Structure formats: C-alpha cells, structure tokens
Amino acid sequence: MIDLGSLIFLGSYRKKFSEYFGRLIILYDPSSTEAYTSSDVRIGVSQFEETVKQLTRIADGLSEYDTSVVVVLSDDLYSELPEETKKSLKNVIDVDMTDKEFLKEVVKSYSGCGLDEKTLDNLVSEVLKFKEGYTLIARLVGESLRIGRCEFYRIERFLRESRGKARLFMVNWINNFLKIKNNEGGSNTQRIEAFSEMLSIREAFKREVKNGEYIMTPYFVNRLAYWSNGLGLSGEEANWLALKHEDLLEGAITEIVKAVNGGQTVGEVNEALRYWREPEKLKIFGNVDNLKNRIRDVMNYLFKKYGEKLKEKFKDVDDKCWKGLILVLGTEWSDYSLGGVLESAKKTNDLAEDVKEAAEYLDGNYCDALKLLVVNRELTPIGSYLLLYPNGIESTEGKEGASKQNKIINSILYSLAKGRASLIKDSLKKLLESERERGELKKEIPIIEWIYHLGISTLSSYAKMNNVKGYDDETLGISTLKSANWGIKAIKGQDRVVPYIKLIGSSEFYKYFLDDWAILLFTAADILTHSDKRLLLELEYYINNLLANIDKLEDWGKAFIAEAMAKILRVKNKKDKCSWLGNIIQVVNKINSFPLKIIAFTYGYYTFTYDNISCNNIGSIVDLGYCKVRLLDPIDGMTDLEKCYNYINSQIDDNQLKKYLKSRYFMSLKDAFEREIDEKLTMIYHGLGRLNLGRSNFDEAERYFFEARKIQEKLKYWPDYITIYNSLVKVRAIRAKDIRELAEAAKEFEKVFNEAIEKGLTNTTGKLSILARTFTFYLVYLSLIDDKERIKEILKTYGSLIDYLPSDLKILVRLLLYKLRVVKDKPNIEEITINSERLFLEPILKVSFGMEIDCNKDCSNLRDRNDNKGITECENICILFQSAIRGDEKAKIEFLNLLSTVTDDEISKELVNKGYRIETITQAVIPETSIDRLVLILYNLVNNDYEKAEVIAEFGELVNNVQIVKKLFGELKDAIEKRDEEGIKFALAKLYYYHG
C-alpha cells in the first residue's frame, strides 16, 4: 500500500513535471559502491528481501502514475531470493557487468565525449583484459577523458601498459590525475612532495570511514598542500584526496604510501612508483610495511610540523565561530553525530543563549577553523583526532612568565583556550544559572546543552592542565567541575568516560573544591553502572585518592563518595565486598547530617545485597542515628532501611542535604527532595524484590517490583522504569513451570522493548546498555516461540545494540542465541574471558579448551595485569596440567592435589574424588561467578561436549547459596544428563533471564 504523502507527490509530479523531466523511475540497489569493485563485500539476503517484496507489491499501483520501479540485484543476491519473490518480479533482465555495450555506456557517461564506435571498442577491449574492477576501470577511463578534454591516446596507453593488471592501472591513473609528471615527462617534484605527505596522512585514517565518505575536509587538503610547499589545488583534486575511494584505488594509494615512506611494494607496480621514490623519503611511520593502527604516528607528525599553522588558524576566531567549535568539541567527546545534534537543536525552543548561537552558526556558513574539521555538518576522522589527540607541538609558552616547557600540547585546544578564561567563566555562569532557572520551572534540559558543557569543560580543563594563563582561578575551577558533572552525562561511548575523568583530574581543578570532584566521580560511576566491569574499576584509583582526603569534604561530598564507592562495590570480587562495605560504613559514620547518613548508606547496602554473602567484620547492626539497620539478614536490613525514610520527611531544612540536592538536580528544593526519597525507595523496593526472587518468594518479589515501577513511572525516569519493568517480567518468566508458561510470560518483553524505544532509551551509554539488555530478553522470547521472521527483522534493525552489553553478558547472549539457533555466528574460544581472582589459573583454563600455549609466556603475561603472585606457581601448575592431559598419571594426581589446595573448596575436592576428566574439573572450579559458569556451560553445549556442561552445571548447583539459582542450575544439570533439548532450552532461558 502506498502512503498518502507518496500518492500526493506522484500525482503532483505527473501533472506538473513529467512533460519536462519524463517518466519517474524509482531505483533500488542494495549493493554499495564497494560491491561493484571488491570481491570481499557480502550482503545478507535478510537485508534486502523484505524491501524487494514491498516494492513488487506497490509496483502495479505505480503504473497509473507513469512511474516505474527498477530493482538492481547482483547474481548472488538474486539467487538468494525465495522462488515466490522471484516469480513476482517482472521483466527480469540479466546484465553482464563485462558486457561490452554496458562498459561503453559507462565510458561515454563519465567522459561526456562524443567518441566514435571504433575508439570506444578499442578502449573497452583493453578494459576487458583485466580480471577485476571492470566497471570502476571503465569509469576511471571516462573520467580521464573528461579531464583530458576527450584526448584518448594517453588513457589508451595507460590501459595497454597496465597489461591487464588492475593495481598497475590504478597507480598509472593516479599518477596522471595528480599530474606528478611535467609536460616533458619528468617528475613534478613540488606536486610529488605535497601529495606524498598528504596520501601518507590520509592512509592512517581511511579505515575509519566507508567508501565515498570524507577522511578529511577538502579545505584541510588545500591547506596541507599550501603549507607543505605552496602548492595550489583545484577543487576536484582537493575533493578527490579528501574522500575514501573504492578498494582497488585505495590499494594503489597504499602502495604509493609505502613507496614514499621507503617501504616494500608489490613488484608489478614498482616501475609506475619510481617517480614517488625520487624525493627524500618521508619519516612519518616507524614501520612502513604495516600501516594499520598508525594514527599516533600521523598525529605526532601533524602537530610537530604544522602545529604553529594550526595554532594560527584557531587563534582569535570570532565569538560565534568559537562557540561553534565548543559545540563541535563536545559533540566529538559525546560520540554523537554532529548532524544529529544540530537537527535536535532545531526541535528545541528553549535553549541557553550560547548553545543556541553555536547551533545556529554550525547550521550556516563556517569560519576557516571549522572548515578544517567539518564537512557536510559532520566531523571527519582527522578532524576528530585533531580535537581529541592529547599531543601537539612543543610549546615554549606554557606557563607564561615561568620557565619554558618541553611537553607536547594540542595546539588547536591551546589556541581556543588562550585569552578566553574570562569568557569561559562568564559563559559557564550564565549557562548554569539559565539551567537552574529552567529546572525550577520543571523544564527539561536538552542534551545539546550537556554536550556544550562537555566541550567547554574539556577546553577549560585542558588549558589548566597545560598552564595556559588565566585558568588558575578558583571560581573558574569550581564552575568547570559543575559543568563537567552535566557534560559527562552526554557521553554515549562507554570507553570515553574514564579518559574524560582523567582529563578533568589532570587539570587539578578538584583541589579548589573536593566536594564537586566527589559528585563528578559519582556521576561517572553511575553512568558506567551497566557497563564493563574494567571501566568501573579504573575509577577506583580516583575514588581511593579522594578517600585519603575524606575529612576535607563536607557531609554532602562524603555522601556522594559513599555512593560512588557503592557503584564500585557492585563489581568487586566477593572476598573484597565485605571490606569495601566496611569502608562505605566508615564514610557514612563520618557524616553528621542524619538524612545524608541514610541516603549515603542506602545505595551501598542495596548493592551489597546482590551477592547474598555474610560478613564477619562489619558487625550485625549499623546505627544511622534515628534508626538502625540489621545486617545479618538482607531482607531484614532492607525492611529496616525502608522504615528509616519515615524519619527523613521533616529534614528538608538540613543545610548539607540542601547542598547535596542542589548539586544533583536542576529543580526546586522541594521537588528535588521528593525525587531523592522516591529514588532511594525505588532502590529498596527493587532490592527487596530481588532478594525475594532469590528465595523463590515470587508473590513478594512481584509486589515489590510493582511498587518500584510505579514510583519510576511517576518520576518519568525511564531508564530505571524499564530496568524495573524487566525485573517484574523476569519474575513471571522464572516462576513458569514449563516452556509454554515461560513463553507466555516472556511475551511481555516485547511490550517492554517497545516502551524502551518509545521512551527514548536510544542515547547515552547507560540508556543504551539498558535497551540492549531489554532487546536480548525479547530476542530470547522470540527464539522460544521460534519466530524466525521477526528475529531476522529486529536483528537487522537493532542487532548492534548487543555491543552495548558488558563483555561477560555479550559473550553469554551470543552463545545462547547460537544455541537457540537464532544466529549462525558461533563465538570462538579466544573471545571467552573468565573473571577470576586466581589469574595464575587462566593458562590451564586455556589448555582445558584444547588450546596450544607456552606456559612460560602465558604466565609471564600475568605481570601485565598487576598480578605478581605466583608466576612460578603458575608455570608449575600449567606444565603439570599439560603433562596430565598427555596421560602422565603421576602428573595428574599431583595436579589435582595442587588444584584442590589452590581452590581451597570442599566441593572442588568432591569433584576430584568423583573421577571426572581433569579438563572438566578445571572448567568447573575456576569460574567464580554464575555468569561465567553459564558461559562455559553454553560453550560446551554448542560444541557438543555435554559431559563438561553437565559437571559445570552440577558445580553451579552445589556452590550457589541463592536458592533460585541453585534450583535453576539443578534443572539444567538434569536436562543435560537426560539430553533433553527442550528442558535444556527451558533452563537456559530462565537462567539468562535471572542473570541478564
């Protein structure tokens, strides 16, 4: 069915334009340009099949509008279409890409020349002597004719001299296009030197873009050529050098880059490269034979050679351009698309003045500084690195009036910051005041303002770190920290959060006011809650440094650092959780404000109860002033904590509480207070729901999750709402008695997923992580009902969400989806990592999977992970294990005795006594979390090693002290033992719903 808007357009076109422009043709080609020039590009049938079906359905209806549909498919794509779809296609024409007439038309179209048939025949005959890239070569022949004013003798000579070798033709074509030879046939040294440098610079970045996208801006290309040796370029030359081209062309460019940097090149192109080798070789790359991951080399070269030129370009830009650059800088740190950010600004009526001015400026004409970075409203890869890269020219200015420095700085950021400390201070003051006023009127602060905060706090911190004059200012430092606390919330890419904290920390602005540093660390930890464990643990360094100065913090700062510690507690190893909770309690005890005592303790205790472990070193009761919390039973403790909040309602006038609320929320004090209580009650209800689920108290679990969801629905904080809604549906799924009940309960994940999309959980790191989990829950449901069509459809649209899962969950869901036959991509053993405190056991785990390793080398590598314990012990146990697997009985006995000693676990010893294979015992006892055990079970199941999977499931049942998890592992073990595939599927789905 054709939608109304399309019908109106078609009718209007037929009446008003068809007599001038002719019949309208709708062209659909699912293949990218790479598909026509590279043998490596593949397109899956699921990516285009549905579109073809839809086009065939509407084709008949289009005929009355004098409109035709043309679908272009390669042979392999056409062969993959279902027979029913093939039959629905009309007037199918088989076009041979080596067809002479087709290639002649390509040459004619791109040349614009009136060539006679004989000339065309000769040219195309030469094209057909190649073994690949016919269409691309024909196009380049046409373009050469156009550039050469239809003079065909030179291009005909190139074709003949290339002897059917495509790469040689490409080098010859580039030589001609870039005019590296003068009219007498000698070298044009000026052009060769300029292009040698430029092609080398672009080489490092071209893997970051697709064909047809910009590697750098044409303006940047022009400036490089001029800065290099005064060369002026045509617009066509600058644009060609700025873009990424087809694989064959890029392969030829790589050979040129190797040649000019003194590297080894392919023999067939050596003669064509002789002109490029004549000048003195460049010194950009250390090892020119491997040109991957060489961005650092290029950035160092750029800043050292052209740092002063770049500095001048960004120096003294006008205020509008400067504000635009701040927004661009923030956008790059946020990992959003600049075009998308600017479009969102158009839909926002109430923007802070500076942000509005920046967005409007970026939507119009650019200053020269911006033209170096941005083209078509997007940052190029080189533009991105010019802003992000931490090194630049050797500065002799640095701390003005002080001794000279030799350290390397980013000259662009230096120029943008120099002389603008007062401007930044005033801008931050206006921005924060405007947001405070709007927040108190319950107006939402748009994400583009967070992005602007990200840019301005980055620049201010960078300037302070590099001792730029004017930034050693207390007011500016405090404002920068406050700005950073809002800016960090705009970061979408998980891996950029910790580098941003390192940048802010390196400025040492925190020395002015440690409390604002505490809230920034809390916000960073909060953003990374659903991310990779390693990222959260990297923040621990900064938290520990702040703990050393805990007595210098006010109560509200101590509350934030206690909550940041709670985030770290979540990913601590079990043996460290008790001492870490003890540290949180020590911080809480230093807080005098009663309401902040309760607030600070709530998240720490909520997080601690996740693992259902007992501690002997923290006492049985925590005294919070007006109330006490029992610690021996987590359900008792959470119930006590809920009652504590009855005493808080009258504490709104507490001065430290006011500071805490003001720093955390842009809203009135009353609204912020109510929201904080609701947030903490949500935690308590969610914790009680989780604890009751762990004890199989399903009704109580549902009741608490329902209450928590209700609060978040009122607050309209959709990330937590979706997280809790997932928990509610999980209870209903996990309590199912059979697979039919499970599927019926899990059906609600479809509603949760659609709500998550509707509520906008499609931006920022934390939201995308929650959406990713919800997506996998929905996928597992679809696999339970075997809805292959819907699975293909949503994987096509949302499959990339899986990248936002923490690493352990990512590998778990990939294995599960493979086991459930949702995907065909089976993870290999190299992708599996197990989180273990006993790092020295990792090498034997690899051996248990059948991997060949060098024990000395693998054990030595543990030093790189700050594990100095037992390198010798690691080597001994690894060598013993290898001998035992080869059949050495003495080594086997010695290994098992040593393993039992190391794990110090009676259940491990029980497995040894049962006589299981040593590989099986090893895989059962080394993992320390249920998720890791589940990963190993699934890996063995998908590789048909049911014995190992069964023993690991048995071990999971024996060691787990969470009732429901113990029960589920037991059900899985029984199903594996019986080789009951339906039962295995049932137990795996429930275990994933619990852990996901």
Side-chain angles (χ1 to χ4, degrees), residues 514-515 518-519 521-522 524-526 528-529 533 536-644 656 660 680 683-684 687-688 690-691 694 835 837-838 866 904 928-929 961-962:
L514 290 173
D515 299 270
I519 186 174
L521 292 178
F522 161 73
D526 191 45
L528 295 174
T529 298
K533 171 182 176 178
L536 266 174
L537 290 176
E538 282 187 54
L539 286 178
E540 189 180 344
Y541 167 81
Y542 298 96
I543 290 170
N544 284 335
N545 282 349
L546 190 52
L547 282 174
N549 295 286
I550 191 69
D551 292 329
K552 296 178 182 178
L553 272 68
E554 295 185 34
D555 280 358
W556 68 273
K558 291 171 185 170
F560 277 122
I561 205 64
E563 292 193 274
M565 292 169 70
K567 301 286 183 181
I568 305 297
L569 172 63
R570 190 166 191 169
V571 293
K572 279 285 183 181
N573 293 316
K574 279 191 177 181
K575 72 173 187 180
D576 296 327
K577 283 186 184 283
C578 289
S579 60
W580 198 249
L581 178 64
N583 293 340
I584 292 173
I585 292 172
Q586 285 179 23
V587 174
V588 170
N589 287 338
K590 289 177 178 288
I591 297 173
N592 294 313
S593 163
F594 165 64
L596 285 182
K597 263 186 184 293
I598 295 173
I599 287 169
F601 181 69
T602 299
Y603 193 74
Y605 190 58
Y606 162 79
T607 305
F608 176 75
T609 60
Y610 259 87
D611 292 292
N612 200 31
I613 56 178
S614 301
C615 298
N616 300 318
N617 62 333
I618 58 172
S620 59
I621 289 177
V622 172
D623 189 345
L624 297 175
Y626 291 102
C627 63
K628 295 178 181 179
V629 176
R630 292 169 287 174
L631 298 179
L632 296 181
D633 184 305
I635 289 184
D636 288 342
M638 293 298 272
T639 304
D640 291 342
L641 202 49
E642 180 190 7
K643 292 174 183 174
C644 287
Q656 288 295 307
Y660 173 92
K680 292 304 187 285
M683 274 184 202
I684 292 168
L688 284 166
R690 188 188 65 245
L691 289 165
N835 296 307
E837 295 174 42
R838 302 181 289 260
N866 299 319
D904 192 26
E928 294 172 26
T929 67
N961 59 358
V962 178

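Predicted model only: the values in this text are computed from it and were never measured.
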Indicate the atoms forming the closest heavy-atom contact of [X] with [Y], along with that distance.
{"X": "Ala566", "Y": "Tyr603", "answer": "CB-CD2, 3.1 Å"}
{"X": "Val587", "Y": "Ala562", "answer": "CG1-CB, 4.0 Å"}
{"X": "Ala559", "Y": "Ala600", "answer": "CA-CB, 3.9 Å"}
{"X": "Val629", "Y": "Cys644", "answer": "CG2-SG, 4.2 Å"}
{"X": "Thr639", "Y": "Ile635", "answer": "OG1-O, 2.7 Å"}
{"X": "Leu569", "Y": "Gly604", "answer": "CD2-O, 3.4 Å"}

Q: Dump the intermediate steps for side chain to side chain contact (heavy atoms under 4.5 Å, CB included) on Arg690 and Thr609, then the final yes or no.
A: CA-CA 9 Å; Arg690 188 188 65 245; Thr609 60; 2.6 Å; yes

Q) Should Asp640 and Lys628 be marked as a salt bridge (charged side-chain N to carboxylate O under 4.0 Å, His left out) after you check the CA-CA gap, both sets of side-chain angles, and the distance that decides it? A) CA-CA 7 Å; Asp640 291 342; Lys628 295 178 181 179; over 6 Å; no

Q: Report the residues that fulfil ring-ring contact (aromatic ring centres under 6.0 Å, His included) with Phe608, sequence neighbours left out, ordered by chain and then residue number.
A: none

(Q) Once ring-ring contact (aromatic ring centres under 6.0 Å, His included) is applied, do any residues pair with Phe594, and if so which ones, sequence neighbours excluded? (A) Tyr626

Atom pair [atom1] ([X]) and [atom2] ([Y]), whose distance is rounded to the nearest 0.5 Å:
{"X": "Leu536", "Y": "Asp526", "atom1": "CG", "atom2": "CG", "result": "9.5 Å"}
{"X": "Leu631", "Y": "Cys578", "atom1": "CG", "atom2": "SG", "result": "10.5 Å"}
{"X": "Leu691", "Y": "Tyr606", "atom1": "CG", "atom2": "OH", "result": "10.0 Å"}
{"X": "Leu596", "Y": "Glu554", "atom1": "CG", "atom2": "CD", "result": "10.5 Å"}
{"X": "Ile519", "Y": "Phe560", "atom1": "CD1", "atom2": "CZ", "result": "3.5 Å"}
{"X": "Phe601", "Y": "Asp623", "atom1": "CZ", "atom2": "CG", "result": "11.0 Å"}

Do [X] and [Y] come within less than 4.5 Å of each other through their side chains, counting heavy atoms only?
{"X": "Thr529", "Y": "Arg570", "answer": "yes"}
{"X": "Ile561", "Y": "Leu514", "answer": "no"}
{"X": "Ile598", "Y": "Lys680", "answer": "no"}
{"X": "Thr602", "Y": "Ile599", "answer": "no"}

Q: For a side chain to side chain contact (heavy atoms under 4.5 Å, CB included) with Ile618, tell me which candidate from Asn583, Leu581, Ile584 qualifies.
A: Leu581

(Q) Tell me if a side-chain donor or acceptor on Gln656 pairs with a main-chain N or O of Asp555 at a distance below 3.5 Å. (A) yes

Q.
For Ile591, is there any backbone N or O sitting under 3.5 Å from a side-chain donor or acceptor partner on Lys597?
A. yes

Q. So Tyr610 and Lys577, side chain to side chain contact (heavy atoms under 4.5 Å, CB included) or not? Walk me through it.
A. CA-CA 11 Å; Tyr610 259 87; Lys577 283 186 184 283; over 6 Å; no

**Q.** Pair Lys567-Thr607, side chain to side chain contact (heavy atoms under 4.5 Å, CB included): steps then yes or no
**A.** CA-CA 7 Å; Lys567 301 286 183 181; Thr607 305; over 6 Å; no

